[in-house]
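Read through the structure below, which is laid out as structure tokens, and then see the notes.
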Amino acid sequence: MERTLVLVKPDGVQRGLIGEVISRLENRGLRIVGAKFLQVSRELAETHYAIHKGKPFYDGLIAYITSAPVMAMVWEGPSAITAVRQTMGSTRPTEAAPGSLRHDFALEVGRNLTHASDSVENGVAEVSLWFTEQELVTWERATDSWIFE
Ligand code: IDP
Ligand code: MG
């Protein structure tokens, strides 16, 4: 079982797409582990996006993610990292597969709606950056055995 950090970024929140993102992850069969709605501080934004520091889009990225509240969530499931990134679609919405969130709801890379962890290790690190252990719920869903093999 893998865990991934999912963010509905400020554009997704402003456009009323929190429910759409949650629905798609629920429909996929992933299991929610934690969720909170928050205004991202500059410090959290800089830590989360540290890998992009120095890139031409970095300042715009920090401004974007701190511009309005985000919905932060943790989702789990078998191959959750790959499955969630597939549901989100490629970073550039015009390269995202039809049917993916970024294809269906976005046009520009700097307004691409969501974040999802890109590896198991980054998933672990990002979940612990955004959530305390107490904020995460370990639970069994009645449908688990019909979704998890
Ligand atoms: P990801 O979100 O699909 O993992 P990353 O390459 O990790 O994509 O980039 C992080 C975020 O930075 C992207 O989701 C996007 O919002 C933004 N970003 C990436 N490349 C560009 C760019 O060329 N211009 C503007 N924003 C970008
Ligand atoms: Mg990334």
Side-chain angles (χ1 to χ4, degrees), residues 1-138 147-148:
M1 202 74 86
E2 294 175 8
R3 283 184 173 180
T4 180
L5 176 79
V6 171
L7 304 177
V8 182
K9 292 173 175 178
D11 49 337
V13 171
Q14 294 286 346
R15 294 173 59 196
L17 294 171
I18 295 173
E20 179 74 31
V21 174
I22 291 175
S23 283
R24 287 185 180 221
L25 297 175
E26 283 187 322
N27 289 345
R28 192 82 197 264
L30 292 148
R31 191 167 63 188
I32 194 164
V33 176
K36 61 181 165 188
F37 184 66
L38 73 156
Q39 172 65 49
V40 178
S41 66
R42 194 178 169 87
E43 188 191 2
L44 176 57
E46 288 182 349
T47 306
H48 176 74
Y49 281 129
I51 194 169
H52 296 300
K53 197 169 167 71
K55 294 183 184 169
F57 60 84
Y58 177 78
D59 289 346
L61 178 57
I62 298 299
Y64 168 41
I65 201 73
T66 58
S67 62
V70 306
M71 186 72 183
M73 298 177 277
V74 178
W75 289 80
E76 69 184 356
S79 303
I81 298 288
T82 304
V84 172
R85 284 186 70 88
Q86 183 185 41
T87 292
M88 299 316 177
S90 298
T91 305
R92 295 184 181 281
T94 51
E95 294 170 7
S100 66
L101 275 161
R102 285 166 170 171
H103 172 280
D104 291 355
F105 293 96
L107 289 169
E108 299 234 74
V109 66
R111 297 289 183 272
N112 62 357
L113 290 180
T114 55
H115 167 84
S117 308
D118 65 4
S119 68
V120 173
E121 309 78 68
N122 285 341
V124 170
E126 290 178 358
V127 168
S128 67
L129 174 66
W130 286 76
F131 287 84
T132 65
E133 207 44 58
Q134 291 69 34
E135 290 171 326
L136 303 175
V137 181
T138 298
I147 298 167
F148 302 154

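Below, each value reflects all heavy atoms present in this structure, side chains not excepted, and no hydrogens, waters or symmetry copies. All ligand and atom numbering here is 1-based and tracks the order in the structure.
Environment of CD in Glu108: sparse, with no more than 12 heavy atoms of neighbouring residues, nucleotides or ligands closer than 6.0 Å.
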Determine whether Ile32 and Leu25 satisfy the following criterion, side chain to side chain contact (heavy atoms under 4.5 Å, CB included), listing intermediate values before the conclusion.
CA-CA 9 Å; Ile32 194 164; Leu25 297 175; over 6 Å; no

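Judged by the 6.0 Å and 45° rule, Lys9 forms no cation-pi pair with Tyr64.
The shortest contact between atom 17 (C) of ligand 1 and any protein heavy atom is with Leu61 CD1, 3.8 Å. Shortest contact from atom 1 (P) of ligand 1 to any protein heavy atom: Thr91 OG1, 3.5 Å.
Residue Glu133 holds its CD atom at 7.5 Å from OG1 of Thr138, rounded to the nearest 0.5 Å. Here the CZ atom belonging to Phe148 is positioned 5.0 Å from the CZ atom belonging to Arg31, to the nearest 0.5 angstrom.
Every atom of ligand 1 is numbered from 1 in the order shown, and the set under 4.0 Å from a heavy atom of Arg102 is 2 (O), 3 (O), 14 (O).
Side-chain atoms of Arg24 and Thr87 form no donor-acceptor pair, as typed in the model, at a separation below 3.5 Å.
Within the 4.0 Å heavy-atom cutoff, His52 counts among the residues contacting ligand 1. In this structure, Arg92 is part of the shell of residues with a heavy atom less than 4.0 angstrom from ligand 1. Taking a 4.0 Å cut-off on heavy atoms, Arg111 fails to register as neighbouring ligand 1. Asn112 counts as a contact of ligand 1, since one of its heavy atoms falls under 4.0 Å from the ligand. Taking a 4.0 Å cut-off on heavy atoms, Glu108 fails to register as neighbouring ligand 1.
Counting heavy atoms under 4.0 Å from ligand 1, residue Met88 does not touch it at all.
Applying side-chain contact (heavy atoms from CB on, under 4.5 Å) to Leu101 and the options Leu17, Val21, Asn112 leaves one that passes, Val21.
Classification of the His52-Phe57 ring pair by plane angle, with boundaries at 30° and 60°, yields tilted.
Geometrically, ligand 1 and Arg85 share a nitrogen or oxygen pair separated by less than 3.5 Å. Not one N or O of Phe57 is nearer than 3.5 Å to an N or O of ligand 1, by distance alone.
In this comparison of Leu7, Leu113, Asn122, Val109, the heavy atom closest to atom 15 (C) of ligand 1 sits on Val109.
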